[in-house]
Amino acid sequence: MDEKDMQAFQTMMSESERRMMAYFESAIMPKFDLLAEGQQAILDKLVPRSRVDELEEEIKLLKIVIRQMNADLQELKKAN
């Protein structure tokens, strides 16, 4: 390859790179943007882990109270 061929090859590569970048920016990037927006919407709707932990503790307490109330109710039924 001589200098002229090398320059023609570099010009073709540069044009190819520009077309690839244009395609990437017009076809691929919008899809990534939509994906990121969808992911953000999901993240916005998620309940923080700390809140889930708090609710689990409340449920454990409520189960204990209900079991105790049920035991008391059974004792009252036996007494009648």
Would you say L35 and K31 make side-chain contact, with heavy atoms under 4.5 Å? no
Under the criterion side chain to side chain contact (heavy atoms under 4.5 Å, CB included), I'd like the reasoning laid out for K78 against E75: C-alpha separation, chi angles, the key distance, then a yes or no. CA-CA 5 Å; K78 286 180 185 176; E75 286 183 32; 5.7 Å; no
Within a 6.0 Å radius of atom CD on E56, are there more than 12 heavy atoms belonging to other residues, nucleotides or ligands? yes
Measuring from Q40:CD to K45:NZ, what's the distance to the nearest 0.5 Å? 12.0 Å
Nearest 0.5 Å, what's the CD1-CE distance between I28 and M20? 10.0 Å
Is it true that a side-chain atom of T11 and a backbone atom of Q7 form a donor plus acceptor pair closer than 3.5 Å? yes
With the 4.5 Å side-chain cut-off for hydrophobic clustering, are V47 and I59 part of the same group? no
Gap separating the CG atom of N70 from the CD1 atom of I66, nearest 0.5 angstrom: 9.0 Å
Can we say K60 and E57 salt-bridge, meaning some charged N sits less than 4.0 Å from an Asp/Glu carboxylate O? yes
Partners passing salt bridge (charged side-chain N to carboxylate O under 4.0 Å, His left out) against D33 (at least two apart in sequence or in another chain): none
Rounded to the nearest 0.5 Å, the CE atom of M21 sits from the CE atom of M29 at a distance of 9.0 Å
Under the criterion side chain to side chain contact (heavy atoms under 4.5 Å, CB included), I'd like the reasoning laid out for L55 against V52: C-alpha separation, chi angles, the key distance, then a yes or no. CA-CA 5 Å; L55 291 172; V52 172; 5.7 Å; no
Do the side chains of E15 and R19 get close enough for a salt bridge, i.e. N-O under 4.0 angstrom? yes
Do M12 and S16 pass the side chain to side chain contact (heavy atoms under 4.5 Å, CB included) test, and can you show the C-alpha distance, the side-chain angles, and the key distance before you say yes or no? CA-CA 6 Å; M12 281 185 359; S16 179; over 6 Å; no
Rounded to the nearest 0.5 Å, what's the gap from CD on Q39 to CG on D44? Could you check? 10.5 Å
